[in-house]
Amino acid sequence: MNAAARKPDHVYLVDGSGYIFRAFHALPPLTRSDGTPVNAVLGFCNMLLKLIEDAEAEYIAVIFDAGRKTFRNEIYAEYKAHRPEAPPELVPQFALIREATRAFNVPAIEIQGYEADDLIATYATQAAAQGHDVTIVSSDKDLMQLVGDRISLFDPMKNRKIGETEVLEKFGVAPDKVVDVQSLAGDSSDNVPGVPGIGVKTAAELINTYGDLDTLLARAGEIKQPKRRENLLANADLARISRDLVTLKRDVPLDVPLDGLAKQGIDGATALAFLQQNEFRQLITKLQARLGEAGIKASRGGARTENAKSGDATVQIAADPAAFSGTHELVQDEERLVAWITRARAAGAIAFDIETTSLNIIEAKLVGMSLAVAANAACYVPVGHEGKSGDLLGGATERPQQIPLDRALALMKPLLEDPSVLKIGHNIKYDLAVMRRYGIETAPIDDSMLISYVLEGGAHGHGMDELAKLHFDHDTIKFGDVAGSGKSQVTFDQVPLDKALAYAGEDADVTWRLHNLLKPRLIAERLTTVYETIERPLVPVIAGMELAGVKIDAAELGRMSQDFASRMADMEGEIHDLAGAEFNVGSPKQLGEILFDRLKLPGGKKGKTGAYSTGADVLEELAETSGHPLPQKVLDWRQLAKLKSTYTDALPLAIRPETGRVHTSFALAHTSTGRIASTDPNLQNIPIRTEEGRKIRRAFVAEPGHVLLSVDYSQIELRLAAEMADIQGLKDAFRDGADIHAMTASQVFGVPVEGMDPMVRRQAKAINFGIIYGISAFGLAQQLGIPQGEAKAYIEAYFERYPGIRDYMERMKKFAREKGYVETLFGRRCHMPGINDKNPARRSFMERAAINAPLQGTAADIIKRAMIRMPGALQDAGLNGRMLLQVHDELLFEVPEAEAEATGKLVKKVMEEAPLPARKISVPLIAEIGTGPNWAEAH
DNA sequence: GGGATCACG
DNA sequence: GACGTACGTGATCCCA
């Protein structure tokens, strides 16, 4: 992964002693019912809880002074000698604040003989040296000398950060000179003597003039003002002693190493017990809400042992939300299910997950449902588990006790459809689709997978197993662990209840935790809009498309398969004759040996594997140059082999008998740019470019009385390039509805559009595509089959004519380098791990991706916006068509014949206006309509 | 299970 | 100038 780009860890060091004094004076008096004053303790608890919850802290500790005598008293007996005794109302609060610290599971650090400031200095110095960021929670001026690049202070009373600027304001010098100023000015409250007659102002002036204390003292004789000169000369030693007093010790031998300050989860029971003891009612309510709803943010893998006190009736919190207890409830009767549903309603949100017999939403039979209402608070409701059928040796088991399916669904339906209860899933599209088949419309929803995708798309995968490992360092139970793998794998209805409970309960538990961890980040990282206006509303729409499926003429595909088979057999015969040997034409390795070893055609090795490269480009080159007929024959054979194995053979097998249609699955959180991907089967790569392949589209048909309607964006990415790179010439051309490639040719090569050589236009077209891909001379040369130098000249000419495009490319690269991601017009972030890779090949690869991603990603955002509006738009217009497929810039519908024209116009309008009202694009977006009895004719 | 190949936008 | 190249996907096949 990308260690270099990772955010540094953050260390929070709370100055406990400093805090208590200031809080005591700042807050109104407050006592608990036994008379113990607790105002400073309450302030402290508020501050600490806020810190634990809000701060992205990996390390937290509270540091205290231990006793009054320190090594400074040996240097100067009078140090802090005139401190008055602490007010009596403050005294008992010292111990309580230490207790509070421990109750929140934060280390309380103190060492005899050292002040808190010295410990803070030592930890801060070590942490900064390790590359961590440090925030010292204190406003003590004595700590300001520590401020630097990685270290800052935070004033908890004024809610204000104290960085280098603020230090400069206060002392008139940079943090590294604060000690020098303090040595001269002294400090009456600490009884640091300093030099008489010199205050902070004068001290700063002197230090700024002479650089540092030693230089100043050495050259004190040069000072013009007689009084100041004499004082300095007479009290040089006093200044040096003062320096020793104010200089914080950064090498205190620590009892607890920095690692020991790693943030732990709050133990709900312990913390609540402390708050109750001190009667902090508001805090109790707040903490209970937090724990009940979520559990405090999970610590990084922090496993702990503390248990809830069983005697405390008011505290019913899972012992440690940060650790996975794995104790979930198996719900086998209606009473218990009702109890959980009640709990769910009270919580207002549940993590929800279903177990089924298949990943295919049409085939899947419901086996069980799990839900979680808090961390470590999940249940599993089996509804479709079968007993084992046994074998020749017996071993058959009874069907386990379960709530009947229809009863469970009847109880769950009101909850799943309750608008006041949020249903959180991880890839909830699946659960939503299957539940819809059972007559339940799950809403409202949240999806932890999509939240993760919006936050960190492109940085890593977003499967639950991967995220649990990443965020909680937790190894989830894998499907194979409970259902077996390979030949012995069984469907989930065959899994014993104990294993099913552990697996399904964990799924809901992890989903809850992920949501709890990631959802707040959407707001903090300004990604809520992308999630709420694009990703989340798309879920039910895509589910509808998957459930709808598309009709395929299996008989037609079968005939094509037979045709392909016989033609391939003929070709194989010819190929073997030409080669003079029998070999597997489908084996690139054997083919390479035939072509280059046996027939001695010109060409070379390539690739790490040492095998000959026999890709289409190589064979095409060979067919032209060698004059041998074999390469072309192989190319023809390969085309048929591809079409047969991937399409004409495979697609009929994908037809679901339940519906007689093919139902793809769209992956919503898979691509680095925001596009969706189609799998099982992939219906986004159905052939079209060759006539032979195009025939396969004829097998995608409409139901009787219906037609297929295809509407696709024309040149959307190039239009977006014109818009986002602000290329006036391109924008004008699009506005005029001109032939964009001819226009580019004219602009770049200076030839008139009238009577243009088609070759020139083709080259311009390749350049236009190159723009979208992050153009390189090599790539363009390869594409056009021209020398690299010539390609380079074209690109130069293009940049010359349209400087905006070069600016855009540089801007994207810079943005990506600095932020680690690039953005679409709608605010989606496409992460680019490796953009700063030291390997130039990998780096340039990511740079081209950084140039392409905003264009491809913005186009993806736009079509998604159109798709979200489509069902409502159709319904409002009283149209009965259904959206079936999305192919990146195309939407395919199945519509009643009589509605084809009206639907086409509506869809076109929705697609063209999709950016509005969020973004107004100055280049017109054009969508083109096609209809027909099959996809080939509709497109 | 990884690499090569090729289907799409 | 290094490095190895157009951007983004998924399915199928071969072969270790």
Side-chain angles (χ1 to χ4, degrees), chain A residues 458 583-592 606-619 634-635 637-651 653-654 664-667 670-690 692-694 696-697 712-718 721 766-784 788 791 795 812 822 830 832 837-857 859-860 863 885-890 935 939:
Chain A
F583 70 102
N584 184 349
V585 185
S587 163
K589 183 166 174 278
Q590 292 179 37
L591 175 65
K606 218 170 103 175
K608 295 164 281 224
T609 53
Y612 291 114
S613 170
T614 67
D617 51 343
V618 175
L619 295 187
V634 172
L635 282 167
W637 181 90
R638 273 194 184 164
Q639 187 196 8
L640 296 189
K642 183 78 172 187
L643 295 177
K644 183 171 184 290
S645 70
T646 310
Y647 303 103
T648 59
D649 285 354
L651 284 173
L653 298 176
T664 186
S665 173
F666 289 104
H670 199 83
T671 70
S672 58
T673 56
R675 275 189 176 180
I676 62 176
S678 161
T679 60
D680 305 311
N682 181 355
L683 296 184
Q684 289 181 320
N685 72 344
I686 303 304
I688 192 166
R689 289 173 186 170
T690 67
E692 203 74 59
R694 214 183 156 87
I696 290 167
R697 293 207 170 205
D712 70 305
Y713 285 112
S714 157
Q715 302 280 14
I716 186 167
E717 286 184 27
L718 199 50
I767 297 174
N768 280 335
F769 269 97
I771 302 295
I772 295 167
Y773 297 146
I775 201 160
S776 78
F778 187 95
L780 184 62
Q782 178 119 327
Q783 181 67 30
L784 287 174
Q788 202 170 321
I795 295 171
M812 291 308 115
V822 289
C830 310
M832 299 284 147
D837 200 303
K838 62 180 185 332
N839 177 331
R842 276 198 289 274
R843 195 172 58 240
S844 3
F845 190 72
M846 293 312 296
E847 285 174 352
R848 291 194 297 272
I851 291 162
N852 171 259
L855 302 172
Q856 191 182 112
I863 196 167
L885 297 177
Q886 186 249 47
V887 193
H888 309 310
D889 64 359
E890 170 189 7
W935 199 2
H939 188 81

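First the proteins, then the strands, lettered A, B, ... as listed; each starts at 1.
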- line: Output for pair (Ile676(A) CD1, Gln684(A) CD), nearest 0.5 Å, gives 5.5 Å

statement: The reported gap from CZ in Arg697(A) to CD1 in Ile688(A) (rounded to nearest 0.5 angstrom) is 4.0 Å

Of the listed nucleotides [options], the one nearest the side chain of [X]:
| X | options | result |
| --- | --- | --- |
| Ser844(A) | dT9(C), dG9(B), dC3(C) | dC3(C) |
| Thr614(A) | dT5(B), dT9(C), dA2(C) | dT5(B) |
| Ala677(A) | dG10(C), dA6(C), dC3(C) | dG10(C) |
| Ala616(A) | dT5(C), dG8(C), dC6(B) | dC6(B) |
| Arg638(A) | dT5(C), dG9(B), dC6(B) | dC6(B) |

Classify [X] by what it touches in the nucleic acid, base, sugar-phosphate, or nothing, heavy-atom distance under 4.0 Å.
| X | answer |
| --- | --- |
| Leu855(A) | nothing |
| Asp889(A) | sugar-phosphate |
| Ala850(A) | nothing |
| Ile772(A) | nothing |

field: Along DNA chain C (nearest heavy atom to each residue), the more 5'-positioned of Pro840(A) and His888(A)
entry: Pro840(A)

query: Given that Arg842(A) and Gln684(A) both sit by DNA chain C, which one's nearest nucleotide is further toward the 5' end?
result: Arg842(A)

State, with a plain yes or no, whether a side-chain heavy atom of [X] is found less than 4.5 Å away from one of [Y].
| X | Y | answer |
| --- | --- | --- |
| Thr648(A) | Lys644(A) | yes |
| Ile767(A) | Ile795(A) | no |
| Thr673(A) | Leu855(A) | no |
| His888(A) | Glu890(A) | no |
| Glu847(A) | Asn852(A) | no |
| Trp935(A) | Val887(A) | yes |

Provide the distance between the two [atom1] atoms, one in [N] and one in [M], to the nearest whole Å.
| N | M | atom1 | answer |
| --- | --- | --- | --- |
| dT5(B) | dT5(C) | P | 13 Å |
| dG4(C) | dG3(B) | P | 16 Å |
| dA4(B) | dA6(C) | P | 13 Å |

statement: Listing for DNA chain C: consecutive Watson-Crick or G-U pair runs of at least 3, distance cutoff 3.5 Å, ranges ordered by first number, gives B:1-9 with C:7-15

- prompt: Could you run down nucleotides 11-16 of chain C 5' to 3' and tag each one B, S or - for protein heavy-atom contact under 4.0 Å?
  reply: BSSSSS

How long is the line joining [atom1] of [X] and [atom2] of [N], in whole Å?
| X | N | atom1 | atom2 | result |
| --- | --- | --- | --- | --- |
| Lys644(A) | dA7(B) | NZ | P | 16 Å |
| Leu619(A) | dT5(B) | CG | P | 8 Å |
| Phe778(A) | dG1(C) | CZ | P | 18 Å |

message: Please tell me if His670(A) has a side-chain N or O lying less than 4.0 Å from either OP1 or OP2 of dG10(C).
response: yes

field: Phosphate OP1/OP2 of dA6(C): any Arg848(A) side-chain N/O under 4.0 Å
entry: no

Base dG9(B) paired with Arg675(A) side chain (donor-acceptor, <3.5 Å): yes

message: Taking atom types as they are modelled, would you say the side chain of Arg689(A) forms a donor-acceptor pair with the base of dG9(B) within the 3.5 Å cutoff?
response: yes

field: N-O pairing of Glu717(A) and Arg675(A) below 4.0 Å
entry: yes

I'd like a table of donor-acceptor pairs (distance under 3.5 Å, sequence neighbours excluded) in which one partner is a side-chain atom from residues 838-846 of chain A, with atom names and distances.
unit_1, atom_1, unit_2, atom_2, d
Asn839(A), OD1, Ala841(A), N, 2.7
Asn839(A), OD1, Arg842(A), N, 3.3
Arg842(A), NE, Asp837(A), OD2, 2.9
Arg843(A), NH1, Asp837(A), O, 2.9
Ser844(A), OG, Pro840(A), O, 2.4

